[in-house]
Each structure stands twice: as structure tokens, then as C-alpha cells.
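Sharing a structure with you now.
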Amino acid sequence: MSNKPTTYDRIYEIVKQIPKGMVATYGQIAELSNLAGKARVVGYALYRIDMKTLDIPWQRVVNAKGEVSLSPLRYGTDYLQRSLLESEGISFSDVGKIDLRKYLWQPKKEF
DNA sequence: AAAGTGACTGTTA
DNA sequence: TTAACAGCCACTT
């Protein structure tokens with residue numbers, strides 16, 4: 001009956017929990033999804049999302065350096081990501097970095 | 001079924 | 001400080 005949640009499903013569920021105005025890193029999402037150390041899989045999962053929908057706040061996931069990860073495969077959606085984050089009140093430094101000390105999501109330890 | 005790919009990360013120099 | 005390497009594994013072909 002019930003579909004087993006796939007790896008990606010778990011990732012998406014975690015991403016949905018990131019509050020507005022905060023960001024999380026790929027590694028952090030991986031850990032919370034029981035995929036510790038597999039940050040690349042998170043990146044791949046997010047790449048599969050339809051960017052036109054904000055059903056999943058994909059824009060709130062950045063790399064460990066506090067930057068939007070650039071890739072030629074994104075066709076400019078990286079700029080969209082930055083724009084969306086700025087409109088949520090997150091500011092970027094002059095080299096395009098986010099201050100993680102200030103904006104990094106700190107999920108309560110649960111369970 | 002085996003090999004290639006990648007929105008990453010921590011370590012090393 | 002930044003830059004280069006290797007490790008990681010799910011998905012695609």
C-alpha cells in the first residue's frame with residue numbers, strides 16, 4: 001500500500017523544514033536524511049526538482065562555504081537562487097558569500 | 001549489469 | 001588564505 005519513501009523523498013522532506021530566512025548546507029541535509037557524508041546525492045536530488053515550483057524551498061540549500069553552488073548545468077538558476085534568498089532577508093558579502101554564523105539553520109535535535 | 005556523472009565535503013599542501 | 005585530491009553513493013545510460 002504505502003509507497004516506501006525513496007532517498008530523494010527523505011531529502012525533500014528535510015528541505016521543506018528549513019525556515020524562511022535561513023539556509024542549510026548539503027552536508028547538513030544529508031545528515032538529517034540519514035545520508036551522512038553523502039552530500040553529493042543531495043545536490044543531485046535538488047537538481048531534479050522543478051525550479052518553477054517553490055513547493056520545495058530548494059533555494060535555501062547552499063554549500064559548506066556559504067555560497068550558491070554554480071554549475072553550467074543550472075542554466076542561470078543560480079542567480080534566481082540568490083535573488084530569492086535576498087528577498088527573504090539574507091544578505092551576501094561582496095564576494096557572494098552568506099554569513100553562515102548568522103543564517104545557518106540550527107534544527108532542534110529531535111527523536 | 002557495469003561504468004560514468006555530479007547543486008558536495010573534509011583534508012592536505 | 002585559496003586550490004587541488006580523493007572519497008562518497010544514488011541515479012542514468
Side-chain angles (χ1 to χ4, degrees):
Chain A
M1 237 300 305
S2 63
N3 303 349
K4 288 182 185 172
T6 65
T7 299
Y8 285 9
D9 289 333
R10 291 206 305 277
I11 292 172
Y12 299 146
E13 285 307 306
I14 300 296
V15 173
K16 285 181 184 172
Q17 293 174 33
I18 306 173
K20 180 182 177 186
M22 296 279 111
V23 298
T25 66
Y26 295 95
Q28 191 177 8
I29 298 301
E31 236 178 289
L32 293 168
S33 307
N34 273 316
L35 294 167
K38 305 164 194 163
R40 306 184 74 164
V41 177
V42 176
Y44 210 89
L46 293 178
Y47 171 66
R48 289 286 165 185
I49 295 179
D50 180 3
M51 307 282 181
K52 296 192 296 187
T53 76
L54 291 181
D55 183 39
I56 299 170
W58 54 269
Q59 73 271 27
R60 297 186 190 135
V61 184
V62 298
N63 67 29
K65 299 189 285 284
E67 268 192 318
V68 170
S69 285
L70 303 176
S71 167
L73 300 177
R74 299 187 66 183
Y75 301 104
T77 55
D78 37 32
Y79 279 98
L80 172 61
Q81 178 171 5
R82 174 168 174 158
S83 174
L84 288 168
L85 290 177
E86 287 178 325
S87 69
E88 292 186 359
I90 294 175
S91 56
F92 287 71
S93 74
D94 54 356
V95 292
K97 283 197 194 168
I98 294 171
D99 185 352
L100 291 180
R101 292 175 308 175
K102 189 171 175 185
Y103 297 112
L104 185 64
W105 177 39
Q106 292 166 6
K108 293 177 190 169
K109 183 160 193 189
E110 34 199 323
F111 309 117

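Throughout, a chain's letter reflects where its sequence line sits, starting with A, and its residues are numbered from 1.
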### Task
Answer yes when A:E13 and A:K16 have at least one side-chain N-carboxylate O distance shorter than 4.0 Å, and no when they do not.
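Result for this pair is yes, salt bridge flagged.
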### Query
Using a heavy-atom distance cut-off of less than 4.0 Å, which residues of residues 60-70 of chain A contact DNA chain B?
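Result for residues 60-70 of chain A: A:N63, A:A64, A:S69, sorted by number.
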### Query
When the distance from CD of A:Q59 to P of B:dA7 is rounded to whole Å, what number comes out?
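Roughly 18 Å, once rounded to whole Å.
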### Query
Is a side-chain N or O of A:Q81 found less than 3.5 angstrom from the main chain of A:Q59, in a donor-acceptor match?
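Between the backbone of A:Q59 and the side chain of A:Q81 there is a qualifying donor-acceptor contact (under 3.5 Å).
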### Task
Look at the side chain of A:T25 and the backbone N and O of A:Q28, then say whether any donor-acceptor pair between them is shorter than 3.5 Å.
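Answer holds: yes.
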Give me the distances for all protein-to-nucleotides 1-11 of chain C N/O pairs that come in under 3.5 Å?
from: C:dG7; atom 1: O6; to: A:R40; atom 2: NH1; distance (Å): 2.7

### Query
Nearest-Å distance, CZ (A:R82) to C1' (B:dA7)?
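It is 17 Å, rounded to the nearest whole Å.
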### Gap separating the CD1 atom of A:I29 from the CD1 atom of A:I11, nearest 0.5 angstrom
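With rounding to 0.5 Å, CD1 (A:I29) is 9.0 Å from CD1 (A:I11).
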### Task
Starting from A:L73, walk the hydrophobic network (Ile, Leu, Val, Met, Phe, Trp, Tyr; side-chain heavy atoms closer than 4.5 Å) and list everyone else you reach, by chain and number.
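Members besides A:L73, by chain and number: A:Y47.
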### Heavy-atom donor-acceptor pair, A:S33 side chain to A:L35 backbone, under 3.5 Å
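Pair absent, no side-chain N/O of A:S33 close to backbone of A:L35.
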### Query
Within the structure shown, what part of the strands sits under 4.0 Å from A:T25 by heavy-atom distance: base, sugar-phosphate, or nothing?
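Sugar-phosphate, backbone atoms only, no base.
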### Task
Answer yes or no for A:R82 and A:F92: cation-pi contact, defined as NZ/CZ to six-membered ring centre under 6.0 Å and angle to ring axis within 45°.
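That pair qualifies as a cation-pi contact.
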### Task
Measure from the side-chain N and O atoms of A:Y44 to the backbone N and O of A:Y8, and report whether any donor-acceptor pair falls under 3.5 Å.
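Not confirmed, A:Y44 side chain does not pair with A:Y8 backbone.
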